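Report on one structure; see the data block that follows.
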Number of protein chains: 2
Amino acid sequence: MSSAATVVELRVLDAAKSCCERWGIAKVTIDDIASESGVSRATLYRLFPGGKDVLFEALRVRELEDFFTRLTAQVEGAADLEDLLVRTVVAATQELRADQHLALMLASEPGDTLGQLTVDGLPRIIRFATVFIVPLVDPYLPRRESARLVELLARLVISYFLAPSDHVDLGNPESARPFITTFILPAFQAALS
Amino acid sequence: MSSAATVVELRVLDAAKSCCERWGIAKVTIDDIASESGVSRATLYRLFPGGKDVLFEALRVRELEDFFTRLTAQVEGAADLEDLLVRTVVAATQELRADQHLALMLASEPGDTLGQLTVDGLPRIIRFATVFIVPLVDPYLPRRESARLVELLARLVISYFLAPSDHVDLGNPESARPFITTFILPAFQAALS
DNA sequence: AGACAGTAAGACAAAATCCGTCTCAGTGTC
DNA sequence: GACACTGAGACGGATTTTGTCTTACTGTCT
């Protein structure tokens, strides 16, 4: 999951990201990324054998790692399970809303981007969420229940982010807390350790 | 100079403009513009025989016409020559600074865009400025002097827009007025009618 | 009804671009 | 000197884009 990423690799990924923001993934060429990162095309293929697909895969992975790294940093030191869950969904929702890169992608290439948040990408997002968040939940629940809970929350955060509701605002603690206590916690009450 | 532009033509030019903002002129294809404007490629070639070059030429012309139309509307009713000149350079500078399309182009494709403001495009800009602004100056100066004056101002506005000065801000009347009265008007004093 | 102008859809070949791989030369390190 | 890493760029093949052309549809005018 993690990265012994060299400095060159990071430069390339940064270049890919900014190219992507400028032109959208469909319009970016390997040469664009190469010249933007000041790296030759040969090097780029050596680093990411498979070309654009592999490169953007790696970029998505890095973005996810960064996302969850920031997220876990924001929610550490929660007092109890309820507090942890509320802070997690709130922070995640706010991160999503503040993500400039994501906003641009959603605006310029809704199809691909939505795929990365739903059908194609959701399983991976859930994997990442599991890896990063389950350890935080583990003190309160058996491992199996933790995984179920984290998956559920990940799905809900994304759904409410993509299509906001009139009834709940998961970016707002005052709204998220009753949502968590009413709909989520009771289902796991029996398993509370 | 002017346009018996049909509604289809306008739709196409609007589409070209928004495509251009999204991807930059280098990445836009004829098909992009065709589908964005909901017009078939055949029609597009009928309207602009010559393809992308001719189309973007037409777009630049239209942008210039719009620019100077808005500009002349803003400066009508000036009391005297000094007032006219000050209001013109101020309005032009502010228009330039507020032009979202221009800002995007300058950011994403500095080379081409700068060319359109300097070496390649400046002569045309001056022609447009002449056509639109000289009539306003004519009451005060002989025709030949008007043209010289307008050209000079056009060059100055663009230069100060592209590379702002610490000494003058042509977007600010309080700064533009002494500039005009000190450096511009005296040179044309002799020719004042 | 029939002529006609304007258009969408799409086939087609030619041109341009992009891709992925490869070689070669240069550079810095051990 | 051996070695790993890189930039530059050549190369053929795949893909995209271009510009032209044909066909069929639609509405308007006579």
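Residue numbers start from 1 in every chain, and the chains themselves are labelled A, B, ... in the order their sequence lines are given, proteins ahead of strands. Just so we're clear, the structure is a prediction, and the values are computed from it rather than from any experiment.
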Whole angstrom is fine here: how far is it from CZ in B/R11 over to P in C/dG6?
16 Å

Could you state the atom-to-atom distance from CG of B/L44 to C1' of D/dG19 in whole Å?
12 Å

OP1 or OP2 of C/dT7 sitting under 4.0 Å from any side-chain N/O of B/S40?
no

In whole angstroms, how far is the C1' atom of C/dC18 from the NZ atom of B/K27?
10 Å

Between atom CD1 in B/I30 and atom C1' in C/dG10, what is the gap in whole Å?
17 Å

Tell me: CZ of A/F48 to P of D/dT6, nearest whole Å?
12 Å

Please report the distance, rounded to the nearest Å, between OH in B/Y45 and P in D/dT22.
17 Å

5' precedence on DNA chain D between B/R46 and A/L47 (nearest-nucleotide basis)
A/L47

Between D/dA14 atom C1' and A/K52 atom NZ, what is the distance in whole Å?
14 Å

Over how many whole Å does the gap from B/D53 atom CG to C/dA16 atom P extend?
13 Å

Please check if any side-chain donor atom of A/D66 sits under 3.5 Å from a side-chain acceptor atom of A/T69, or the reverse.
no

Would B/R148 and B/E151 pass as an ion pair if we require N to O under 4.0 Å?
no

Could a donor-acceptor pair under 3.5 angstrom be found where the side chain of A/R41 meets the base of C/dG20?
yes

When you get a sec, tell me which of D/dC21, C/dA11, C/dC19 is the closest nucleotide to the side chain of B/A42?
D/dC21

Tell me whether the rings of B/F179 and B/Y160 are parallel (<30°), tilted (30 to 60°) or perpendicular (>60°).
perpendicular

CD on A/Q94 to CG on A/L71, rounded to 0.5 Å:
10.5 Å

